[in-house]
Amino acid sequence: MGYNHKDIEHRWRPKFDAAKLSTCDLSSGEPFYCLDMFPYPSGDGLHVGHWRGYTLSDFYVRYWSLKGKNVLHPMGFDAFGLPAENAAIKSKTHPKKFTDRAIETFKTQLNALGALYDWKKQVNTSSPDYYRWTQWLFLQFFKHGLAEKRQALVNWCPKDQTVLANEQVVGGCCERCGSKVTKKSLSQWYLKITDFTESLLSGLDTLDWPEHVKALQRNWIGRSDGATVKFHTEHGPIEVFTTRLDTIYGVSAILLAPEHSLVEKLTKAAQEKTVQSYLQETLSKSDLDRQMEDQTKTGVFTGSTAIHPFSKQELPIWVADYVLPSYGTGAVMLVPAHDKRDHEFATAHNLPILSVIEPEFIDNKEPSNVREDLPFVERDGIVAIVKHWSEDKYLGLKWKKVAWGTWITGGIEKGQSPEEAATSEILEEVGYNKLRLVKNLGRLHSKFYHGPKSENRSLHGHCLYFELTSDEMAQISDEEVGKHEPIWLSKGEVEQFMTADAHKWAWRQLQDDPALYEGSGYLTNSGRYDGLSSDLAAKKIADDLAIRGIGGQTVSYHLRDWLVSRQRYWGCPIPIVYDPKGYPHAVKDEYLPLLLPTDVDFQPGGESPIARSKEYAKRAEKFYSKGWHFDTDTLDTFVDSSWYYLRYLSPRDDQQAFDKSRVKKWLPVDLYIGGIEHAVLHLLYSRFVFQFLSKFGYVDVKTNEPFKKLFNIGMVTLHGAKMSKSKGNVISPDPLIDAYGTDALRGYELFLGPVENDAEWSGNGINGIHRFLIKLEKLSTLVHPTAIESQRQRFDEYLDTINKMIQDFRLNTVISEGMKLINTLGSKVIDAEVWRRFLVTISPMYPYLSQELYASSSQKGLIIEQEKWPEKFHVAHKVQVIKVLFNQKFVGSLEADKSFSETNILELISHSPAIAAKINKGKFSRTIYKPGELINLIP
RNA sequence: GGGCAAGUGGUGGAAUGGUUUACACGUAGCACUCAAAAUGCUAUGAGCGCAAGCUCAUGUGGGUUCGACUCCCACCUUGCCCACCA
C-alpha cells in the first residue's frame with residue numbers, strides 16, 4: 001500500500017473545507033483571533049516564503065482550536081495599490097480585472113495549503129462595500145479636526161508621479177521604485193498622527209511584541225528631550241531647538257533651514273543675491289543629495305544678527321541646508337566646540353569655536369569602572385604632556401603592573417599650584433628638571449574606581465603642556481622605576497598608546513585647541529553657570545529661560561503627520577467636496593460610497609488621473625451644484641489596511657464600518673503573524689487608527705491597542721536574497737506538493753529553523769520530513785490496544801516538552817521531538833492510546849496524514865472536531881537517573897530509587913564496578929549533589 | 001555616527017549553568033535490485049592511536065563557578081534598521 005499523499009489529500013480536503021472552523025460563529029465560545037497580515041494580490045502567486053507564515057498561522061489555528069478556543073481565522077486582500085495600476089497601464093486593461101484575477105489565483109493556492117480559513121468573512125479593500133467605510137473612517141478624522149489640508153513641500157516620486165509619506169522614503173529613494181525622491185509644494189491631506197505620539201510610545205510597553213519591533217517604532221517616533229530658546233532679532237525671535245542647552249554660551253551663530261519663514265525678512269540687501277541663489281540651489285536638490293554627509297557643509301550669511309539671551313552678544317544669522325526644516329523648529333544654534341556638524345560648519349566658514357564644557361570621563365571598564373554603591377572622593381590633580389628637548393617626541397608612561405599607557409599624572413598637594421604640582425611629579429617620576437610651561441590645556445574630569453584604595457574617585461585634572469629645555473636628569477627612586485617605564489612617543493603613536501579617553505582628549509586638545517568634544521562635563525566660560533554639571537546646568541538654564549518667557553524644556557519628535565493624498569487612480573477616493581470658493585466639505589453620507597470613476601485614462605501625469613474624469617466632475621455638480629468639485633486624489637493604501645481587522649467581524653454590514661459589540665468581544669487580536677517589513681508602516685498606522693477610534697468612543701476595548709501579540713515570521717531566502725519574481729529566485733510550492741505532499745512541505749517549512757529567523761531554502765531537506773511521514777504510515781500497522789507503560793511514560797515527557805515549545809513558538813524543535821518520540825517507540829507493538837494522542841499532537845503540522853491514520857485506527861470524524869489537545873498519562877516515575885561525574889568528567893549514570901539520599905547514591909556508586917573503576921579508587925574530597933540530576937565527585 | 005540581533009560539525013540547527021553537536025540534511029559503506037531510483041541498516045566534529053583510549057574544539061581574550069555555548073567584562077566579525085534629528 002504505502003504512503004500516497006495524493007489519495008489522502010484528495011479524500012480529506014472536502015471534509016476540511018466543510019469543518020466548523022471554516023465558519024466561525026462569532027457569538028459563542030472563548031474567542032481566539034488569529035490574524036495573518038493580509039496579502040497584496042500581486043499576480044505573481046505564492047512562493048515557499050509565503051507558505052511559511054501561512055503554515056505557522058494554521059498551526060496555531062488548529063492548536064488553539066484543540067485547546068478549546070473558538071478560533072477566528074479570516075483572510076482578505078489588500079487590493080488597492082500601484083502594482084495593479086502599473087500592470088493595467090502596461091496591458092491597457094482595468095486594474096479591477098487584474099486584481100480580481102490575482103485574487104482567484106491566490107485563493108486556489110491558499111487552499112492547496114490545507115489551511116482552515118473562514119472565507120465567508122473575506123474582505124477586499126478595493127470593493128465599494130469596503131472602501132465606503134474607509135471613506136467613513138477618513139471623515140471621522142475630518143470631523144474631529146484630525147484630517148487637515150496643508151500646503152507643504154512634500155516628497156515626490158518623479159517616476160510614479162505621486163507624493164510619498166515619510167515612511168515610504170527609504171534612504172532618499174522611493175520605497176517602491178527606487179527613484180530619487182524630490183520635493184514639490186502641494187496642497188495635501190494629512191492625518192494628525194503627531195497628536196498621538198505619547199500614547200503610541202507608551203502603548204508599546206503594554207504589548208507582547210518582539211523587542212526589536214518595539215525598538216524600531218520607538219526609534220521611528222524618535223522622542224528627544226531638549227529645550228527651545230528664543231534669540232531676539234529685529235524681525236522677532238528665532239526659536240531654536242537643542243538637546244544641549246548646557247552649551248548655550250558656546251553659540252557662535254544661528255542657522256536657519258532654507259525653508260525657514262524668517263529667511264526672507266532677515267536677508268539684508270547686500271546679501272540678497274547670494275542668499276537667493278543659495279536657496280534656489282538647495283531647494284532644487286533631492287533629499288538624497290542634500291543629505292550626503294561627507295560633503296562640506298554649505299551656507300550663506302544673511303546680513304542680520306541675533307542677540308544671545310545671556311551674554312547679549314550679537315550672533316550672525318546664516319542659512320544652511322544641513323538644518324532640516326521639518327525637525328525641531330527648523331533653526332539651530334551653532335555650537336562648534338561641542339557638535340561635530342557645527343564644528344565642520346564653523347571650520348569651513350571661519351566662525352569662532354569656543355569651548356564651554358570641561359569634559360568628564362566616566363570609567364566603565366573593569367577593573368576601574370565606577371562602583372554604584374560607593375560615594376565619590378573628590379581629588380585635584382594634574383596631567384602633564386612633556387615634549388622632548390630636541391625631537392618631536394612626547395613622554396608617555398607604560399605601567400608595569402597594569403596594562404596602562406598614560407601621560408605623567410599626579411595629585412595636587414595643599415598649597416601647590418597646578419604648575420608646581422606638575423613640575424614636582426615630572427621630577428619624581430622621570431627625573432627631568434629643566435623645563436618650561438608652554439600651554440595650559442584646560443581642565444578635565446574623570447570618575448573611576450581606585451582599586452588599591454577601594455574608593456570611587458572624582459578627579460579634577462589640570463592639563464599642562466611642558467617642553468624640556470635640556471636632557472639634564474636627577475636620580476629617580478627605585479619605587480618610581482618599579483612603577484612604570486618612560487617611553488618617547490612620536491605623534492603618530494600617541495593615540496594608540498594612551499588607554500584612557502581622558503588622556504587621549506588631552507592630546508587632541510594640544511593638537512587642536514579647542515578640540516571637538518561632544519560628551520557632557522562641567523561648564524566653563526558660561527557666566528554664572530560655571531562649574532555646574534551639564535545635567536544640572538541644562539535644567540537651570542531652562543528654568544531661567546522659562547521665567548523670562550523665552551524658552552524652556554520641551555520634547556521633540558521625529559514622527560511627522562501622515563500624508564495620505566496620492567495622485568493615483570487605483571485607491572480609495574477621498575470623500576471631500578470643495579465649494580466654489582474652494583472650502584472643503586465632507587461628502588454627505590447619502591452619496592457614499594463615492595465610487596471611483598471608470599472613464600479614466602490611467603497614464604500618470606502629475607495630477608491624479610481622476611482629475612481627467614468628466615463623469616466625476618459632473619457627478620459633483622449633480623450632487624451639489626455648479627462650481628462644486630470632488631477632491632481628485634486617492635488615499636494611501638495604508639489607510640485601507642489600518643482597519644481591515646475590524647471589518648472581518650462584520651464584513652457584509654452595510655449600516656456601519658464595524659460592529660462595536662463584536663469588536664469589544666474579539667479585540668485585541670490574540671495572535672498577529674506577518675513579516676518584519678511592516679514594523680513601522682502598517683503596524684504604526686493601525687495602532688494610530690485604533691487609538692483614534694478608541695479615544696472618540698467608536699470602539700470600546702480596554703487595551704487601546706489592536707494587536708496584543710505580534711509574531712514576526714522570518715523570511716525565506718534563496719542564495720541569500722529575498723525571493724522575488726523580478727530576481728528570478730522564486731521557489732514555487734506546487735511541484736513540491738506534487739512530489740512530497742502538503743504535509744511534508746508544511747513540516748519542512750517549520751523545520752527549516754526557528755520560525756522567527758530568516759532561513760535559506762535548501763532543496764534537499766524536505767526528504768527528511770517525507771521519510772518521517774513514510775515511517776509513520778508504516779508504523780500504523782503495529783498499533784494495538786495494549787497499555788505499554790514505557791511508551792506512556794515517554795509520551796508524557798514528549799508532551800511536557802512540546803507544550804512548552806509551542807508556547808515559545810519553537811516549532812522546529814516540536815517537529816524534532818515528534819521524530820525523537822517515533823524513533824524511541826521502536827518497531828514492535830505500539831500502544832493504541834499513545835498513538836491516538838500522538839496523532840492529535842502532530843495534526844497541526846501534518847493535518848492530512850494524521851487525519852488519515854486517525855481514521856484508519858478506527859477513530860471517527862475529524863481530529864479538529866472530535867479531539868481536545870491531549871493530557872498526559874501521568875505515569876508515575878519510580879526511579880530517577882543520576883549522572884555521575886568525577887572531576888568534571890562523565891563516568892556513567894545510574895538508576896536510583898526516587899527516595900534515595902546522597903549517602904544512598906554514594907553507596908550505589910561504590911557497588912557499581914563500572915563506575916567505581918573510573919573514579920580513582922573512590923578517593924575524592926567532596927561531592928556536589930543535585931537531586932534528580934547529577935552527582936559530581938571532586939578528587 | 002546611533003540602535004538592535006547573531007557568531008556551535010561539510011549544511012540547517014539542538015542544548016539558557018551539568019556527558020557539546022539532539023533532530024535532520026549531506027556524505028560513505030552495506031542490504032534489497034539484472035541495474036538504477038526509492039526504501040532500510042550502519043558510520044560520520046577535529047587530531048593522535050592497531051585498539052582500549054587520550055587530547056583539542058561553541059568568534060577572540062579575560063573573569064565568576066566544583067562545573068560556562070549558557071552568566072559578567074573587553075575585543076573581533078557578520079547581518080539588519082535608522083541617520084546632517086541639533
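Given the structure is predicted, the values throughout are model-derived calculations rather than measurements. A, B, ... follow the sequence lines: proteins, then strands. Residue 1 opens every chain.
With sequence neighbours excluded, no residue forms a salt bridge (Lys or Arg N to Asp or Glu O under 4.0 Å) with K775(A). For H343(A), the side-chain contact (heavy atoms from CB on, under 4.5 Å) partners are T347(A), I353(A), D512(A), L516(A), not counting sequence neighbours. Take H5(A) and apply the side-chain contact (heavy atoms from CB on, under 4.5 Å) test, not counting sequence neighbours, and it matches Y3(A), E9(A). A search for side-chain contact (heavy atoms from CB on, under 4.5 Å) contacts involving I928(A) returns R926(A), N936(A), I938(A), not counting sequence neighbours. Applying the side chain to side chain donor-acceptor pair (under 3.5 Å) criterion to D246(A), with sequence neighbours excluded, gives R244(A), S534(A).
When rounded to the nearest whole Å, the span between NE2 of H338(A) and P of G1(B) equals 20 Å. In this structure, CD of E211(A) is placed 17 Å from C1' of C80(B), rounded to the nearest angstrom. Put simply, NE2 on H212(A) is 11 Å from P on C81(B), counting in whole angstrom units. Going from atom OH of Y327(A) over to atom P of A83(B) covers 13 Å, rounded to whole Å. Taking atom CG on L351(A) and atom C1' on A86(B), their separation rounds to 16 Å, with Å as the unit. Summarising the geometry, the separation between CD on E756(A) and P on A5(B) is reported as 13 Å, rounded to the nearest angstrom. Counting to the nearest Å, the P atom of A38(B) and the CD1 atom of I766(A) are 15 Å from each other. For M333(A) and C84(B), the CE to P distance is 20 Å, given to the nearest whole Å.
Straight-line distance between the P atoms of A74(B) and G79(B): roughly 23 Å, to the nearest whole Å. Taking atom C1' on both A52(B) and A38(B), the two are 40 Å apart, rounded to the nearest angstrom. Only the P atoms considered, C69(B) is 42 Å distant from A37(B), to the nearest whole Å. Here the separation of A86(B) from A5(B), taken at their P atoms, is 22 Å to the nearest Å. Distance check on atom C1': C32(B) versus C50(B) gives 34 Å, rounded to whole Å. When the C1' atom is used for both A46(B) and A57(B), the distance is 7 Å, rounded to whole Å. Taking atom P on both nucleotides, G10(B) is separated from A6(B) by 23 Å, rounded to a whole Å. For the C1' atoms, the distance linking A68(B) with U58(B) amounts to 11 Å, nearest Å.
With distances taken from any side-chain atom of H558(A) to the nucleotides C84(B), U39(B), A83(B), the minimum falls on A83(B). Taking every side-chain heavy atom of L216(A) into account, C81(B) is the closest of A86(B), A24(B), C81(B). Comparing A86(B), C84(B), G3(B) against the side chain of N219(A) picks out G3(B) as the nearest.
One distance of note links CG of D561(A) with OG1 of T194(A); it measures 3.5 Å at 0.5 Å rounding. Rounded to the nearest 0.5 Å, atoms OG (S526(A)) and CD1 (I357(A)) are 6.0 Å apart.
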What donor-acceptor contacts under 3.5 angstrom involve side-chain atoms of residues 761-773 of chain A, with partners at least two apart or in another chain?
unit_1  : atom_1 : unit_2  : atom_2 : d
N767(A) : OD1    : Y740(A) : OH     : 3.3
N767(A) : ND2    : N764(A) : O      : 3.3

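N823(A) has a side-chain polar atom (N or O) that falls below the 4.0 Å cut-off from OP1 or OP2 of A24(B). Not one side-chain nitrogen or oxygen of R341(A) sits closer than 4.0 Å to the OP1 or OP2 atom of G1(B).
Among residues at least two apart or in separate chains, salt bridge (Lys or Arg N to Asp or Glu O under 4.0 Å) pairs with a member in residues 799-817 of chain A are D800(A)-K872(A), K804(A)-D808(A), D808(A)-R810(A), E817(A)-K820(A). Here salt bridge (Lys or Arg N to Asp or Glu O under 4.0 Å) pairs that include residues 550-559 of chain A, with residues two or more places apart or in two chains, number zero. Within the structure, the salt bridge (Lys or Arg N to Asp or Glu O under 4.0 Å) test picks out the following pairs touching residues 207-218 of chain A (sequence neighbours left out): D205(A)-R218(A), D208(A)-K709(A), E211(A)-K214(A).
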Secondary structure string for RNA chain B (Watson-Crick or G-U under 3.5 angstrom, | for other-strand pairs) = (((((((..(((.....[....)))((((((.......))))))((((....))))..(((((..]....))))))))))))....

Verdict with reasoning, D738(A) to K6(A), per salt bridge (Lys or Arg N to Asp or Glu O under 4.0 Å) = CA-CA 8 Å; D738(A) 193 57; K6(A) 286 186 186 173; 3.0 Å; yes

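Comparing L752(A) and T243(A), the nucleotide of RNA chain B nearest to each residue sits closer to the 5' end for L752(A). Comparing A759(A) and K778(A), the nucleotide of RNA chain B nearest to each residue sits closer to the 5' end for A759(A).
Syn is the classification of G9(B), since its glycosidic angle stays within 90° of 0.
Residue-level contact check: K775(A) touches neither bases nor backbone, having no heavy atom under 4.0 Å from any strand.
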Pairs under 3.5 angstrom, nitrogen or oxygen only, protein versus nucleotides 26-33 of chain B, please.
unit_1 : atom_1 : unit_2  : atom_2 : d
G26(B) : OP1    : N767(A) : ND2    : 3.2

Look for any protein N or O under 3.5 Å of an N or O in nucleotides 18-22 of chain B and output each such pair with its distance, or none.
unit_1 : atom_1 : unit_2  : atom_2 : d
G18(B) : N7     : K930(A) : NZ     : 3.3
G18(B) : N2     : Q888(A) : OE1    : 3.0
G18(B) : N2     : N936(A) : ND2    : 3.0
A22(B) : O2'    : K820(A) : NZ     : 3.2

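Under a 4.0 Å N-O distance rule, the pair K340(A)/D342(A) does not qualify as a salt bridge.
A donor-acceptor contact under 3.5 Å links the side chain of K297(A) to the base of C84(B).
Y685(A) and W562(A) have parallel rings, their planes meeting at less than 30° on a 0 to 90° scale where 60° marks the start of perpendicular.
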